[in-house]
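Not measured: the values here are computed from a predicted model. Basis for what follows: all heavy atoms, side chains included, without hydrogens, waters or symmetry-related copies. Numbering of ligands and ligand atoms starts at 1, following listing order.
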Amino acid sequence: MDKINEYLGGRILNAANLENEDLYRLQTLGGVICDATFKKDNKLFCRRCLMEIEKLPIDFQYCRHCINLGKIQVNDKLIITPTDVSYPVQSQYLRWNGQLTSNQQKGVRELINAFQKKQNHLVWAVTGAGKTEMIFPLIEQTLKEGRRVAMCSPRVDVCIELFPRIQKVFPRTSIGLFHGKSEEKYHLTQIAIMTVHQLIRFEHAFDVLIIDEVDSYPLAGNEMLHRAINKAKKTSGMIVYLSATPPKKLIQDVQKEKITLSKLYQRFHGHPLPEPRCHLLFKKIDFWGINPQLRYKLNKMINNKQRFMLFFPQIPIMKSFAKQLEKLYPTLTFVDVSSKDKQRLEKVQLFREQKVQAILTTTILERGVTFKKITVIVLEAQAKEFTKTTLIQIAGRAGRGKDSYDDEVHFYYQYYTDQIRLACAEIKYLNRQAKK
Ligand SMILES: [Zn+2]
């Protein structure tokens, strides 16, 4: 591959890291050399991450905010690489035979409309509404016009899961998957799937920027990442936000008519969201090894060969529960995963392929994953880690298949919290809206 391909497409690169020949070529293609910093209101800002550079008691000042992406010193020069690139024309871009529901079709029309008006748009879709399928026509339209799309999520796992799905339906389009843990080096593609963090490296690069799971960690409340999103979009481009639980700020933007909105209260199969059943535990979950109230449920599921997910607030609680589970149910096959687990993806795959009956997890699997015919159980639901949003997302793991739309969801807790109450109330509200 031509090395220049690794630079093209609105990248912000430190000129010091490039060979003169490449710098010259990029400039002839429209690349622009600029200072690494700019001044505003007497403060110094980093051109790459748009954050303020605080003075350090050292000789060579640099930006600490985006240091993970390579050091930028205040006197450095950057090159912003060209974005006007032509992509091969295809007779057919989208190869997908699925059917959209009338709700999804309405959303598609609203999305295409927003695209034509270069208007930012929020898709508020309940978990399992089929929002990914809904953006296929938008991507198709963008590609047809010779433009470029980025699909981003704050979560690596979500990007990894998305990549093969997009590849399958756009088989002839160049697609890249870029994130901090990826072996794949950046190169110019018409569709780029990446973590939101990667957007820091781009300026005015994308015509359509799709931000999935906009309410999730680490994007929620992160100023640098929000600036990166706006910066990575072309001036003439649009941003699409996707969420089942949109943050207040975006809903306010809708109210102020800064952005437009599509609402999808119904799941793609037309059945309601499973409503959680709540259980008060009289003793801790590890009482007598495993609390007998829980053991009753576990016995039932294990005898019925019912597959299940157990959610825990913290890794140590999960690990000690896993030990008890092994001891009391030696024939049960299960895996446990967390953000610290290097084999996470392989383990999740084992559960997906039904090679194990159960999966124990922290909130790392609260979203972006789809399994069929499972019971979803939250333990210690009163813990602070289980916010309203998290509980709604977790409950949304259940009932995603057409033939298992009524999967069970259970919340076990030692005391009832506002978060539990709000999560259950919102799920009920969404189901009522879907019926209207
Ligand atoms: Zn910076």
Would you verify whether the NZ or CZ of Lys118 falls within 45 degrees of the ring axis of Phe115 while also being under 6.0 Å from that six-membered ring's centre? yes
Just to confirm my numbers, could you give the angle made at the Zn ion (ligand 1) by SG of Cys46 and SG of Cys49, rounded to 10°? 110°
Can a salt bridge be assigned to the pair Asp286 and Lys323 using a cut-off of 4.0 Å between side-chain N and carboxylate O? no
Look at His65 and state whether any of its N, O or S atoms is less than 2.8 Å from the Zn ion (ligand 1). no
Angle at the Zn ion (ligand 1): provide the value between SG of Cys63 and SG of Cys66, rounding to 10 degrees. 110°
Taking the six-membered ring of Phe202 (Phe, Tyr or Trp), confirm whether the NZ or CZ of Arg11 is under 6.0 Å from its centre and within 45° of its axis. yes
Do any N or O atoms from the side chain of Asn431 and from the backbone of Leu273 form a donor-acceptor pair under 3.5 angstrom? yes
